[in-house]
Amino acid sequence: MTGEYRGTGAYMTTMRPQDILLPVAAGLCCKPGGFHIDPVRPVERAVITHGHSDHARAGHGAVLATQETLDMMRLRYGENFAGSTQVIRYGEEIRLGDVSVKFHPAGHVLGSAQIAVTCKDTCIVASGDYKDAPDPTCTPFELVPCDVFITEATFGLPVFRHGDASDEVKKLLASVALFPERAHLVGAYSLGKAQRVIALLRQAGYDAPIYLHGAMETITHYYQSRGIELGELRPVKGVKKAALAGTITLAPPSATSDLWTRRFPDPVTAFASGWMRVRARARQRGVELPLVISDHADWDGLTATIAATDAGEIWVTHGQEDALVHWCKSQGLRAQPLDLIGYGDEEESETPLTDEAEA
Amino acid sequence: MNRFAELLDRLAYEPGRNNKLRLITSYFREVGDPDRGYALAALTGALSFKHAKPALIRDLIAARTDPVLFGLSYDYVGDLSETVALMWPRSGANSDQSFPGHPSPIADASHRRPDRERRPEAAYASPARGEGAQLRARRQTSSTTDSDSASDGRTALTVPSPLRGRVREGGTPGEVPMSPPTQAITTTRLPQPSPKSSPPSARLARPSCQGSSHAGSTSSTRPAAGHC
Ligand SMILES: [Zn+2]
């Protein structure tokens, strides 16, 4: 390994980035700090960016994460999801072994964080999943200047441009107005996306009760308990078919394509996802009303963020690494795909309808 | 013309005939002239594209995008017209502009200067807002894909009505599978797809990060197979 890295002067006197963070089978390993970030296998000490199931798994010895992330893990896995837990706040810095760890908002879902790992003079930011678009349900993304920026690439192709989520919600409301005798079913991932769609509906002035699929209730009520205003929510279970005319129901994406939908009068199936930008994806899912609303940065967001971190080196992971690595190099940045396994888009993993489920 | 683009999208995904009619009725009630006139012409097959040929579209997009990124995107999306429409650079400040007041937005499509959408006089010339340029790009490329598939764009193209045949087919509301308008233009007229126009779904089923041969040169540490 020695000599492989040809760093600039700034690095030569300090550590090579890969001595600080290195991809291993269990995830991103910080040897000098003695922990893994978002490990996909049980490890002694885990530092976790956010509560989505591909990043936050059960069975670790100790977990360091935000209060919200720990709560979400507890809701999903039960009280004993880890040997011990430690809460860290945004902006708080903690010494772990030879490194210091600082959490910054990632703007992805409630409690999501970027993790800045600093060793001597080198700062690496593992951003986890992030988005730079406004979201009323979580703390906005914070730009963290660093030497090495680790970025996701879920929507790392220039065809993915999400636009304004509130415009998509307007489309949904226009459809509800046009088809008052039909029910509108909105497929949305249950952690983060669903609550954002509800909050956007409220921002747009929709004040009727919004109905929830049973799988949405726990996490949505958790959001409310953290002070996120979502208006009146009702379980859809037990509501008569006729009473659902003209209503909006949020459901996990998988539910919108099964027998469960028969309880709704002539339902319009919507799906809130960044994938809805591409028609073939919408058609694959039998969606009638695609809503381009994403928890992830789009192409413009990814490239703008990378440039703004001022990092000279970019590590690109989960998603369309090739295109983003190519773009970085065209901007004169050192860049490489990061060989991490086990992360995907949570929407896709919740609904494994295609071969791309793991991408 | 954003509203018209929305209508086309919605019609493409909506299987029920009566629901389609409701969408169309609502559009013509809501939208003023001249936009709905253009829309009517498009819907009834009265628009023709003399100059929109695949080579031109490829030149236009090549002049605006990185070829590697275009290649990876095309490989992912699987449809030339859609790829171009999605990648087409935005005119940041004027994304909310009106349909430009212009004698014939279609006839001169190929002569349009790339910076046309930034022309100040184009803004607010029409009662309806819309990314006219984007829509035209989509229209052009629709017919381009068309010709791309069969005639290699040597003939001028007429846009068939996205509605034509559908009403007939739509006799059983709620059961007619539809493709979106651009797709319909391709497939209804040219039932035999060329190798280049394999169904997007088939392409999408492939691991997406094996997109391009260029990719291999980006690094020796390729993502492990399981990652895809
Ligand atoms: Zn996530």
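Proteins come first, then strands; the chains are lettered A, B, ... in the order of their sequence lines, and each starts at number 1.
- Between atom CZ of residue A/R161 and atom CE of residue B/M87 there is a gap of 8.0 Å, rounded to the nearest 0.5 Å.
- Taking CZ from A/F179 and OG from B/S26, the interatomic distance works out to 8.0 Å, rounded to the nearest 0.5 Å.
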CA sep, side-chain torsions, deciding dist, call: B/Y76, A/V278, side-chain contact (heavy atoms from CB on, under 4.5 Å): CA-CA 9 Å; B/Y76 181 87; A/V278 176; 4.2 Å; yes
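- From B/D66, atom CG reaches atom NE2 of A/H326 across 3.0 Å, with rounding to the nearest 0.5 Å.
- With rounding to the nearest 0.5 Å, the separation of CD in B/E6 from CG in A/D167 is 8.5 Å.
- Chain A forms the most heavy-atom pairs under 4.5 Å with one residue out of B/L23, B/L69, B/T83, and that residue is B/L69.
- Using a cutoff of 4.0 Å between basic side-chain nitrogens and carboxylate oxygens, A/R182 and B/E14 are scored as salt-bridged.
- Side chains of B/V77 and A/L157 form no contact here, defined as non-hydrogen atoms less than 4.5 Å apart.
- Counting heavy atoms of neighbouring residues, nucleotides and ligands inside a 6.0 Å radius, atom NZ of A/K171 exceeds 12 of them.
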B/N19 vs A/D266, side-chain contact (heavy atoms from CB on, under 4.5 Å): CA-CA, chis, key distance, verdict: CA-CA 10 Å; B/N19 292 331; A/D266 190 14; 3.7 Å; yes
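- The closest side-chain heavy-atom distance from B/V68 to A/W327 is not below 4.5 Å.
- When heavy atoms are compared at a cutoff of 4.5 Å, A/V287 approaches chain B solely by way of its backbone atoms N, CA, C and O.
- Under a 4.0 Å N-O distance rule, the pair A/R279/B/D79 does not qualify as a salt bridge.
- You'll find the ring centres of A/F271 and B/Y13 outside the 6.0 Å limit.
- The shortest side-chain heavy-atom distance between B/L72 and A/Q320 does not fall under the 4.5 Å cut-off.
- Looking at A/S175, the atoms closer than 4.5 Å to chain B (heavy atoms on both sides) sit in the backbone and in the side chain alike.
- We find that B/R22 and A/E181 are joined by a salt bridge, their nearest charged nitrogen and carboxylate oxygen being less than 4.0 Å apart.
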